[in-house]
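Read through the structure below, which is laid out as structure tokens, and then see the notes.
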Protein chains: 2
Amino acid sequence: MSADCPSRVVLQRIGDKWTPLIVQALKDGPRRFSAVRAAVEGVTPKVLTQSLRSLERDGIVARSVYAEVPVRVEYRLTPLGESLLVPLDAVRAWAESHAGRILEAREAFDAVAD
Amino acid sequence: MSADCPSRVVLQRIGDKWTPLIVQALKDGPRRFSAVRAAVEGVTPKVLTQSLRSLERDGIVARSVYAEVPVRVEYRLTPLGESLLVPLDAVRAWAESHAGRILEAREAFDAVAD
DNA sequence: TTCTATAGTTACCACGTGGAAACCAGGCCT
DNA sequence: AGGCCTGGTTTCCACGTGGTAACTATAGAA
């Protein structure tokens, strides 16, 4: 694990604030922009656009525009994006069983910090 | 996966720049500050201290000070920290087999971007 | 008293991410 | 001409992370 390790690319990719939530929101099939926005509570349009563009750039989501009226834009996971669900689930599983311990540790640490 | 999901805590923890490298550096046993610094190339003392303190706060690494001359300080993974190696390896495995695809996707995307 | 070694700390700064609020574009509908 | 709908864009800003460089603390050894 050196400084330019491929894991670094991936960890920074999935470690950002919205990536995991967006990927989860798309795991059951294509969704429109406003549907993703509703599913991922708290995200602003600007940031959602940024995140989706970035995921599209990385080949994790695909964007399709349908020339209807009004215009319809769908986002879906690519096969690469779907395969990302596997390690993401591993992290989620660990998180669900250990996040409590982390929070306890933080409280204990902060309590001692004079 | 809501906004205050435990996965978020964990993902932001392992998604930062130095956490995965430090954890890897400690996976084979205790190391001193300067040994970690040497193992994790490119980290400055300030940032290493910050990262180690933060990992200590989260109960992932433990810090031991030995009153020798000169002083010796050792860092090691706690059991919690060792269990973190599992999802970290899952991510690493995914990264090693898919990082290339991400980089290709980026180049392709950037090439099209007029 | 000065040098050495370890393990930091301090002050300052640059950058990127993310957020708030307002605005924009295409196109049918009335 | 004005309104509505989706899917954004634009501007401006606050904050946290990370980086540089220099400095500190402790204490034995020369």
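Excluded from the calculations below are hydrogen atoms, water molecules and symmetry mates; all remaining heavy atoms, backbone and side chain alike, are included.
At a threshold of 4.0 angstrom between heavy atoms, the contacts of R72(A) are confined to the sugar-phosphate backbone, with no base atom among them.
Taking every heavy atom of both residues into account, P20(B) and L88(B) meet most closely at CA-CD2, 4.3 Å. Across all their heavy atoms, K27(A) and L77(A) have their closest contact at CA-CD1, 3.9 Å. Scanning both residues, S83(B) and P87(B), for their nearest heavy atoms gives O-CD, 3.3 Å.
Remark: R32(B) is in phosphate contact with dA7(C), judged by side-chain N or O atoms under 4.0 Å from OP1 or OP2. The phosphate of dG8(D) has OP1 or OP2 within less than 4.0 Å of a side-chain N or O from Y75(A). The side chain of R63(B) places an N or O atom within less than 4.0 Å of a non-bridging phosphate oxygen (OP1 or OP2) of dG8(C). Close to dG7(D), at under 4.0 Å from its OP1 or OP2, lies a side-chain N or O of S34(A).
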Let me have a per-nucleotide readout for nucleotides 9-25 of chain C, 5' to 3', with B, S or -, counting only protein heavy atoms under 4.0 Å.
BBB------BBB-----
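In this structure, CG on L26(A) lies 10.5 Å from CD on E74(A), to the nearest 0.5 angstrom. To the nearest 0.5 Å, the span separating CH2 on W18(B) from CG on L48(B) amounts to 9.0 Å.
Counting only distance, with no hydrogens or angles, the side chain of T78(B) and the backbone of A62(B) share no donor-acceptor pair below 3.5 Å. Looking only at distances, no side-chain donor or acceptor of S54(A) sits under 3.5 Å from a matching main-chain atom of Q50(A).
Between the OH atom of Y66(B) and the P atom of dG8(C) there is a distance of 13 Å, rounded to whole Å. Atom CD in E56(B) sits roughly 14 Å away from atom C1' in dA7(C) (whole-Å rounding). Nucleotide dT6(C) holds its P atom 17 Å from the CG atom of L52(B), rounded to whole Å. What separates CZ of R31(A) from P of dT6(D) is a distance of 16 Å, to the nearest Å. The distance between atom CZ of R8(A) and atom C1' of dT17(D), rounded to the nearest whole Å, is 13 Å.
No more than 12 heavy atoms of other residues, nucleotides or ligands lie within 6.0 Å of CZ in R101(A), so this atom counts as exposed by the packing criterion.
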Every protein N/O lying under 3.5 Å from an N/O of nucleotides 25-30 of chain D:
none

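R72(A) forms a cation-pi arrangement with Y66(A), by the criterion of a distance under 6.0 Å to the ring centre and an angle within 45° of the ring axis.
For the side-chain contact (heavy atoms from CB on, under 4.5 Å) test with R63(A), the passing option among V73(A), L52(A), L55(A) is V73(A); the others fail.
An end-to-end axis angle of 30° holds for the helix from dT1(C)-dA30(D) to dT30(C)-dA1(D), taken from five base pairs per end and rounded to 10°.
A donor atom on one side chain and an acceptor atom on the other are found under 3.5 Å apart for S64(A) and R76(A).
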